Amino acid sequence: MTPAPILVVEDDADIREAIIEALGDVGIVAIGAAGGRQALDLLNAGTRPVVIFLDLMMPGMSGADVLIARRADPTLAAIPVVLLSADASVGTRAADLGATEFLRKPIKLELLITTALKYSNNPETEE
Amino acid sequence: MTHPLGPPRWRRPAILIVGDVEKNLLARTTLLQRNDVDLLTARSGREAIELLLQRPVALAIIDVQMPEMDGFQLADAMRGIDRGRKVPIIFVTSTSTDERQVFDEARAIDFLSGPVDPHVLQHKVEAFVTLEAQRRDLRRSEARVRSLVEADGQAVWRMAGDGSAFDASPSFVALTGIDERDWLEGRWTNVVHVDDRPRVVASWREALENRTPWDAEYRLQRPGGHFTWTRGRMVPVLDETGALEEWMGSNTDIHARKEAESLRELLTGILRHDLRNPLTSILMATQVVLGRSDDENIRTPLRRVISSGERMVRMIEQLLDITRVRLGSGIELSPVTVDFGSVMAQVLSGMDRVLLETTGDLQGSWDVDRLFQIAANLVWNAADHSPAETKVRVTLDGSAPEAVRLSVHNHAPLIPPELSPDVFEQFDPSKPRKDRKRGLGLGLFITRQLVLAHGGTIGFDSTPETGTVFTVTLPRRAEGRAS
């Protein structure tokens with residue numbers, strides 16, 4: 001299996017690439033998926049990220065859909081998910097959907113990096 | 001012979017007296033003379049018909065025995081003309097054998113036989129005239145209400161207890177262009193937009209069944225074929241015993257309101273997604289570049305880009321919040337156990353002007369998102385309204401058992417006492433505030449709503465010496481939707 005990267009699921013390419021670049025600047029490997037469908041395809045093909053940074057609002061298969069699919073699959077449920085959203089109710093939504101934690105958009109770089117480092121350093125410990 | 005034709009609009013009801021015996025006619029006109037009715041006399045059936053063609057008649061008193069056309073034949077002939085069809089008749093006869101025939105005539109309201117007792121006739125006519133005057137008043141006031149409602153671009157209609165059409169509704173026909181027959185035969189749903197039809201019919205049936213008022217918004221076809229939004233309402237009309245007599249209904253044109261609503265939804269959608277995403281990517285990319293440079297000549301302008309971008313983000317948040325509060329949908333809380341300190345850490349991330357002091361236990365049951373908004377609004381507000389080189393001091397005090405207190409202190413210019421009552425008010429677009437250039441003037445209004453929703457209190461203190469302190473006290477257990 002490939003070394004576990006971080007999976008960034010975000011339909012807006014500019015935001016997705018900025019997150020990947022920001023993580024790259026501190027030495028964290030991240031790969032991108034442009035939507036929920038593509039993310040699930042990667043996961044089903046055996047990609048095992050240490051954490052998924054998942055955008056809530058996406059056309060087609062949304063972040064909520066991915067979390068619902070994740071709940072039904074024990075191997076996927078073991079991967080922590082950080083929900084990303086500009087929705088004012090992101091905290092409540094994250095709890096309702098069973099996300100591990102959440103980050104508000106626009107994302108503060110400092111919070112993004114501390115969150116990412118937490119999972120990169122301790123890949124086993126998170127629920 | 002009198003032919004009181006009267007004014008073109010017949011102010012007084014007319015009574016038509018028909019008989020071939022001159023002295024009877026004279027006696028009856030003398031007997032029935034009153035200032036609130038016109039008396040018309042006819043010496044034959046043909047003369048009676050001629051009069052009926054000229055003006056409406058409220059009551060006919062007809063002698064059964066007449067040469068040429070007798071009273072019953074006249075009644076038949078009256079059926080053939082518009083103004084005669086519904087006229088109630090009092091037959092007068094000298095023989096009792098005519099009685100059965102009288103009762104066959106549906107319009108006969110009374111029957112006098114033998115020599116007419118003047119008092120009896122007078123009494124009957126008086127009772128009839130009184131009743132007729134009441135009916136007229138009723139019809140007039142109904143017509144007034146109808147024309148008032150219709151003048152407002154509305155339609156009014158009546159339905160029987162089972163929902164079938166009670167009578168014609170010219171205003172509904174005018175509004176929708178529906179065929180009058182279709183209305184009368186209960187096919188009004190034909191002019192309801194096909195997408196709205198199932199919902200409209202279901203709620204209408206439910207109202208009929210439960211005898212409860214009906215209120216629905218849906219699209220109705222207009223005569224040109226396009227659709228207009230309308231509000232349909234229907235209320236049960238009960239008689240004195242409480243039994244259902246009929247349904248009164250109306251349609252009001254609400255198209256302008258519906259259009260404004262859909263425009264607002266469009267704008268809200270643009271704010272929510274289309275504007276926020278590019279702003280997020282601008283801020284992300286700027287932060288990445290900022291992290292790659294040690295050169296203050298590059299970092300300073302980048303920080304300005306970020307602070308302006310964040311201000312824009314806050315304005316968008318406030319606009320979205322204000323639409324929620326304005327819509328009266330209220331603030332729904334989803335309290336969970338949360339540490340105020342960790343929420344504050346999220347707010348303060350990347351803000352180097354803020355000093356945080358915490359004491360005591362900061363755990364409580366609050367809505368994590370609303371708590372973030374309360375803290376962020378106050379901190380951002382304090383930063384925006386104080387000189388850039390000064391610090392903002394934030395204190396979280398959890399030493400009390402029942403509540404946690406947040407205070408945000410800055411060196412803002414004094415809030416003038418005369419403005420104090422307005423600080424938490426929603427800004428009035430018609431009189432823009434002078435300090436609006438840094439924001440929309442909505443932050444404190446929304447913050448107060450969020451604090452109140454948690455059962456808390458908010459206040460402030462402003463002096464030239466100490467600056468301005470906003471203080472929020474939140475009970476540790478917010479009431480709200482159980483989560």
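Lettering follows sequence order; numbering is per chain, from 1. Keep in mind that this is a model prediction, so the values were computed, not measured.
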Among A/Ile107, A/Val26, A/Asp87, residue most engaged with chain B (heavy-atom pairs, under 4.5 Å): A/Ile107

Minimum side-chain heavy-atom gap B/Arg276-A/Pro106 below 4.5 Å: no

Please check if atom CE in B/Met351 has more than 12 non-hydrogen atoms from other residues, nucleotides or ligands closer than 6.0 Å. yes

Between A/Glu110 and B/Ser349, which heavy-atom pair has the shortest distance, and what is it? OE2-OG, 3.5 Å

Is chain A contacted by the side chain of B/Leu283, its backbone, both, or neither, given a heavy-atom distance below 4.5 Å? side chain

Lys/Arg N to Asp/Glu carboxylate O, B/Asp369 vs A/Arg104, below 4.0 Å: yes

Considering only heavy atoms, which portion of B/Val347 lies under 4.5 Å from any heavy atom of chain A: side chain, backbone, both, or neither? backbone

Contact part of B/Gln287 toward chain A, heavy-atom cut-off under 4.5 Å: side chain, backbone, both or neither? both

Between A/Asp25 (side chain) and B/Arg292 (backbone), is there a donor-acceptor pair under 3.5 Å? no

Which answer fits B/Gln346, side chain, backbone, both or neither, if we ask what part of it has an atom under 4.5 Å from a heavy atom of chain A? both

Could you walk me through whether A/Arg16 and B/Ser281 pass the side-chain contact (heavy atoms from CB on, under 4.5 Å) check? CA-CA 8 Å; A/Arg16 187 174 67 240; B/Ser281 104; over 6 Å; no

A/Met61 CE: over 12 foreign heavy atoms closer than 6.0 Å: yes

Supply the atom-to-atom distance B/Asn277 CG to A/Lys105 NZ, rounded to the nearest 0.5 angstrom. 5.0 Å

B/Val313 versus chain A, the contacting section by heavy-atom distance below 4.5 Å: side chain

Of all heavy-atom pairs between B/Arg370 and A/Ser89, which one has the smallest distance, and what is that distance? NH2-OG, 3.6 Å

If we define contacts as heavy-atom pairs under 4.5 Å, which of A/Asp14, A/Leu109, A/Leu103 has the most with chain B? A/Leu109

Please check if the number of heavy atoms outside B/Glu389 that lie under 6.0 Å from its CD is greater than 12. yes

Would you indicate whether B/Arg303, at its atom CZ, is surrounded by more than 12 heavy atoms from other residues, nucleotides or ligands within a distance under 6.0 Å? yes

What are the two closest non-hydrogen atoms of A/Ala18 and B/Ala285, and how far apart are they? CB-N, 4.2 Å

